[in-house]
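The chain is numbered in sequence order, starting from 1. Please read all numbers here as calculations on a predicted model, not as lab measurements. Ligands are counted one by one from 1 in listed order, and the atoms in each one are counted from 1 as well.
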Amino acid sequence: MPVSLPQKSLFDLPEGVIYLDGNSLGVLPKGAVEAAQKVIQDDWGGQLIRAWNSAGWMDLPRVVGDRIAGLIGAPAGSVATGDTLSIKVYQALAAALDLRPERKVVLSDAGNFPSDLYIAQGLLDTMGRGHVLKTPNPEDVVAAISDDVAVVMLTQVDYRTGRMHDMQAITARAHEVGAVVIWDLAHSAGAVPVDLTGCNAEFAVGCTYKYLNGGPGAPAFIYVRPDLVQVIRPALAGWLGHDAPFAMEPNYRPAMSTERMRVGTPAILQLAVLQQALTVWNDMDMADLRAASIRLSELFITEVERRCPDLTLVSPRDPKNRGSQVSFAFEHGYAAMQALIDLGVIGDFRAPNIMRFGFTPLYVDEDDVVAAAERLEEVMRENLWQNPKYQTVSRVT
Ligand SMILES: *Cc1c(COP(=O)(O)O)cnc(C)c1O
């Protein structure tokens with residue numbers, strides 16, 4: 001049964017806050033506190049180590065992975081959860097390179113999130129086999145897919161601008177030249193419809209604290225195309241990716257399922273909160289969510305461009321090419337964002353000059369969008385950003 005958006009009643013939003021930063025850290029879902037409390041008090045406190053079996057802790061990564069699979073067009077059993085996204089990028093790239101040992105090029109783009117590029121470069125350096133990481137501008141990626149490319153590794157939605165790659169077309173092009181494809185869905189899962197099965201990419205990775213509202217430090221996920229699950233070699237051969245962890249065998253033997261992408265002991269508290277957060281998606285239709293997200297972002301662009309002539313849209317104007325965020329450039333963007341936050345509208349800032357606004361139709365509606373634009377206008381018209389207290393940059397922006 002489809003539900004109508006928004007679903008604010010499913011979340012605990014602070015009074016008076018308009019939250020346009022769900023693309024960076026999702027809000028607290030109702031029931032999350034109780035889920036954490038249960039794990040701490042009943043399971044850990046009451047069951048102690050028995051809880052690995054009696055409370056289902058050992059299966060929790062798989063159970064949660066299956067829920068995520070349903071949101072990204074992947075079959076049950078194809079998604080493993082755990083660790084952080086940076087680690088999952090490492091695992092995916094190592095496994096992908098192993099599938100094309102004779103090729104030496106990893107193709108990403110200059111707009112990719114720094115951690116993905118750092119991890120890639122670090123892995124290539126460690127391998128020491130002369131691989132190169134190429135990062136053309138995002139619009140030049142397709143032309144750069146040539147038959148020396150081992151792996152195309154891209155983030156679908158650009159964290160700065162919201163620009164969205166065409167997963168289907170790029171994957172098809174990469175497969176034409178025999179390259180393996182990894183999609184980072186950090187800004188896609190829970191934000192835009194994703195069809196991993198239809199797209200046929202070999203790997204996908206993502207995090208769960210953004211649009212999936214799993215909370216700070218929530219576990220990441222990795223998808224492996226089912227036909228490759230028993231073929232790929234895990235670069236991080238931890239005991240919980242072993243076929244029989246409690247046989248304590250001296251040699252590593254990977255699990256015959258996506259579980260081989262598990263590494264060590266799962267973060268049960270975070271998984272329990274994430275499991276609760278994922279119940280928000282019961283009966284949610286991704287196409288409806290996407291339509292609502294586009295309505296909100298279009299309205300925001302119209303309102304801001306009308307009210308704030310000093311801000312420059314840096315996101316694609318065509319909503320088809322944009323994820324669920326809108327970004328504006330402004331020289332004093334950091335200070336302006338701090339002033340806006342003091343007026344109750346929370347977005348964020350990305351260097352060098354980008355004010356970023358995420359639209360999460362689960363808990364943002366059109367009144368919020370208009371009110372946010374009004375307050376942004378106030379910041380700009382009254383030059384509120386010039387206040388000295390907004391000039392000192394915090395550690396997290
Ligand atoms: C948010 C994000 C990350 C963060 O990685 P963590 O290991 O979870 O800190 C990595 N890559 C992309 C594309 C992101 O958007």
Side-chain angles (χ1 to χ4, degrees), residues 20-27 61 64-65 68 71-72 79-94 96 106-123 133 135 138 141 151-165 167 170 181-192 194 196 201 203-223 235-236 261-264 266-267 270-271 273-274 277 315 322-327 347-351 354 356-360 395-397:
L20 304 182
D21 212 359
N23 51 307
S24 202
L25 177 68
V27 306
V64 168
I68 295 170
L71 298 176
I72 54 176
V79 173
T81 56
D83 316 301
T84 69
L85 174 51
S86 302
I87 301 284
K88 280 352 205 182
V89 168
Y90 184 95
Q91 286 183 297
L93 183 56
V106 175
L107 179 66
S108 188
D109 72 40
N112 204 347
F113 192 83
S115 199
D116 296 40
L117 300 178
Y118 302 159
I119 289 278
Q121 190 60 56
L123 171 61
L133 174 63
T135 55
V141 162
V151 180
V152 176
M153 184 189 92
L154 295 168
T155 299
Q156 186 193 14
V157 178
D158 184 297
Y159 76 102
R160 270 208 199 97
T161 64
R163 184 229 5 93
M164 191 156 68
H165 277 307
M167 278 179 66
I170 291 181
V181 180
I182 303 170
W183 284 106
D184 188 327
L185 303 177
H187 296 272
S188 308
V192 296
V194 175
L196 276 176
F203 299 93
V205 292
C207 54
T208 61
Y209 50 80
K210 292 172 180 163
Y211 292 94
L212 297 179
N213 310 304
F221 65 85
I222 182 166
Y223 160 86
L236 300 172
M261 288 315 216
R262 285 176 68 167
V263 182
Q270 293 271 197
L271 276 165
V273 170
L274 174 59
S315 298
R322 194 169 71 221
S324 207
Q325 70 173 70
V326 171
S327 301
D348 64 18
F349 171 79
R350 284 294 174 264
I354 290 182
R356 196 168 69 147
F357 303 90
F359 294 93
T360 41
R395 273 193 78 182
V396 175
T397 63

How long is the gap from [atom1] on [X] to [atom2] on [Y], to the nearest 0.5 Å?
X      : Y      : atom1 : atom2 : answer
Gln91  : Asp83  : CD    : CG    : 6.0 Å
Phe113 : Ser86  : CZ    : OG    : 7.5 Å
Lys88  : Thr81  : NZ    : OG1   : 8.0 Å
Thr135 : Gln121 : OG1   : CD    : 9.5 Å

Is the backbone of Met153 close enough, under 3.5 Å, to the side chain of Ser108 for a donor and an acceptor to pair up by distance?
yes
Shell of residues surrounding ligand 1, defined by a 4.0 angstrom heavy-atom cut-off that is strict:
Thr84, Leu85, Ser86, Phe113, Asp116, Thr155, Asp184, Ala186, His187, Tyr209, Lys210
List for me each residue that meets ring-ring contact (aromatic ring centres under 6.0 Å, His included) alongside Tyr209, sequence neighbours excluded, and say none if there are none.
none
